[in-house]
Amino acid sequence: QVQLVESGGGLVQPGGSLRLSCAASGGTFSAYVVAWFRQAPGKKREFVALISRSGGSTFYADAVQHRFTSSRDNDLSTASLQMTSLRPEDTAVYYCAADADLQYVSSRNRHNHEKYDYWGQGTQVTVSS
C-alpha cells in the first residue's frame, strides 16, 4: 500500500509556472501508474495527466496539453507535474493518485478518478494577479 504526499502548490500570476511534487512511501513506486487530478470549487474532480510505470508514456487533458509536463523518478519514489503558462482557470486543488492495475491506455479508465486506489491530500494552486 502506497502513501502519497503532494507539495509545491501556491499563488502564482497568470503566465507563471509551478512545479508540483508527489512523494510516495510504503510501496514499490515503480509498480504504480501515477496521475494528477484537480478539483475547483463547485466542480467535479478532473483528470490532468498520467505517467506510466516506467515513465515512458504520458497522457494529458486537452486543457493542459503543451503547458504541463509529468515526470517521475522511480529511484526517489517521486512524481512531478511541471506547470507553465498558468491561467486563472487552472486554479484548483491538485491531487496525485496512483494505481497498480489501471488499464491506462483507455482514456475512459485514466480519466475516471474512481479507478485509482491511492490519493494524496491535495495541494492548492491559485492563479491570480
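For clarity, every value in this text was computed on a predicted model and none was experimentally measured.
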Trainee: Do W119 and Y104 sit in one hydrophobic cluster, given that two such residues count as connected whenever their side-chain heavy atoms are within less than 4.5 Å of each other, even indirectly?
Mentor: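 Looking at the clustering, Y104 is in the same group as W119.
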Trainee: If I take atom OH from residue Y32 and atom OH from residue Y118, how far apart are they, to the nearest 0.5 angstrom?
Mentor: 4.5 Å
Trainee: Test of understanding: clusters of I, L, V, M, F, W, Y form through side-chain heavy atoms closer than 4.5 Å, transitively. Do W36 and L86 belong to the same one?
Mentor: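 In one cluster with W36: L86, yes.
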Trainee: With rounding to the nearest 0.5 Å, note down the distance linking SG in C22 to CD1 in I51.
Mentor: 11.5 Å
Trainee: Under the criterion side chain to side chain contact (heavy atoms under 4.5 Å, CB included), I'd like the reasoning laid out for V12 against M83: C-alpha separation, chi angles, the key distance, then a yes or no.
Mentor: CA-CA 11 Å; V12 63; M83 306 185 295; over 6 Å; no
Trainee: Consider ring-ring contact (aromatic ring centres under 6.0 Å, His included). Of F47, Y95, Y94, which one does F37 pass it with?
Mentor: F47
Trainee: Testing the basics here: between A63 and R87, what is the closest heavy-atom pair and its distance to 0.1 Å?
Mentor: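 Reported closest heavy-atom pair: O-NH1, 4.0 Å.
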Trainee: Nearest heavy-atom pair of R38 and A92: which atoms, and what distance?
Mentor: CB-CB, 3.8 Å
Trainee: Are V48 and Y60 linked, directly or through intermediate hydrophobic residues, by side-chain heavy-atom contacts shorter than 4.5 Å (ILVMFWY only)?
Mentor: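 Shared cluster, yes.
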Trainee: Applying the 4.5 Å side-chain criterion to the ILVMFWY set and letting contacts propagate, would L81 and V64 be lumped into a single cluster?
Mentor: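 Per the 4.5 Å side-chain linkage, L81 and V64 are co-clustered.
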Trainee: Using only atom types and a distance under 3.5 Å, with no angle test, would you say the side chain of R72 pairs donor to acceptor with the backbone of V33?
Mentor: no
Trainee: Between V34 and L102, is there shared hydrophobic-cluster membership here, with clusters defined by ILVMFWY side-chain heavy atoms closer than 4.5 Å?
Mentor: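 No, separate clusters.
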Trainee: To the nearest 0.5 Å, tell me how far E46 CD sits from H111 NE2.
Mentor: 10.0 Å
Trainee: May I have the step-by-step check of side chain to side chain contact (heavy atoms under 4.5 Å, CB included) for L11 and S128, ending in yes or no?
Mentor: CA-CA 7 Å; L11 172 65; S128 175; 4.2 Å; yes
Trainee: Taking all non-hydrogen atoms of both residues into account, name the closest pair between G26 and Q3 and its distance.
Mentor: CA-OE1, 3.7 Å
Trainee: Which atom pair, heavy atoms only, marks the closest approach of L20 to V125?
Mentor: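 Looking at all heavy atoms of both residues, the closest pair is CD2-CG2, 4.0 Å.
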Trainee: Taking the side chain as every heavy atom from C-beta outward, state whether S77 and S25 have any atom pair closer than 4.5 Å.
Mentor: no
Trainee: Can you give me the closest heavy-atom contact between Q82 and S17, atom names plus distance?
Mentor: NE2-CB, 4.0 Å
Trainee: Nearest 0.5 angstrom please: K115 NZ to R110 CZ, how far?
Mentor: 13.5 Å
Trainee: For N109, does its backbone N or O pair with a side-chain atom of S106 as donor and acceptor, under 3.5 Å?
Mentor: yes
Trainee: List the atom of A98, the atom of V2, and the distance in Å for their closest heavy-atom pair.
Mentor: CB-CG1, 4.4 Å
Trainee: Mind checking the SG-CD spacing from C96 to E6? Nearest 0.5 Å is all I need.
Mentor: 4.0 Å
Trainee: Please report the interatomic distance OG1(T58) to CD(Q65), rounded to the nearest 0.5 Å.
Mentor: 8.0 Å
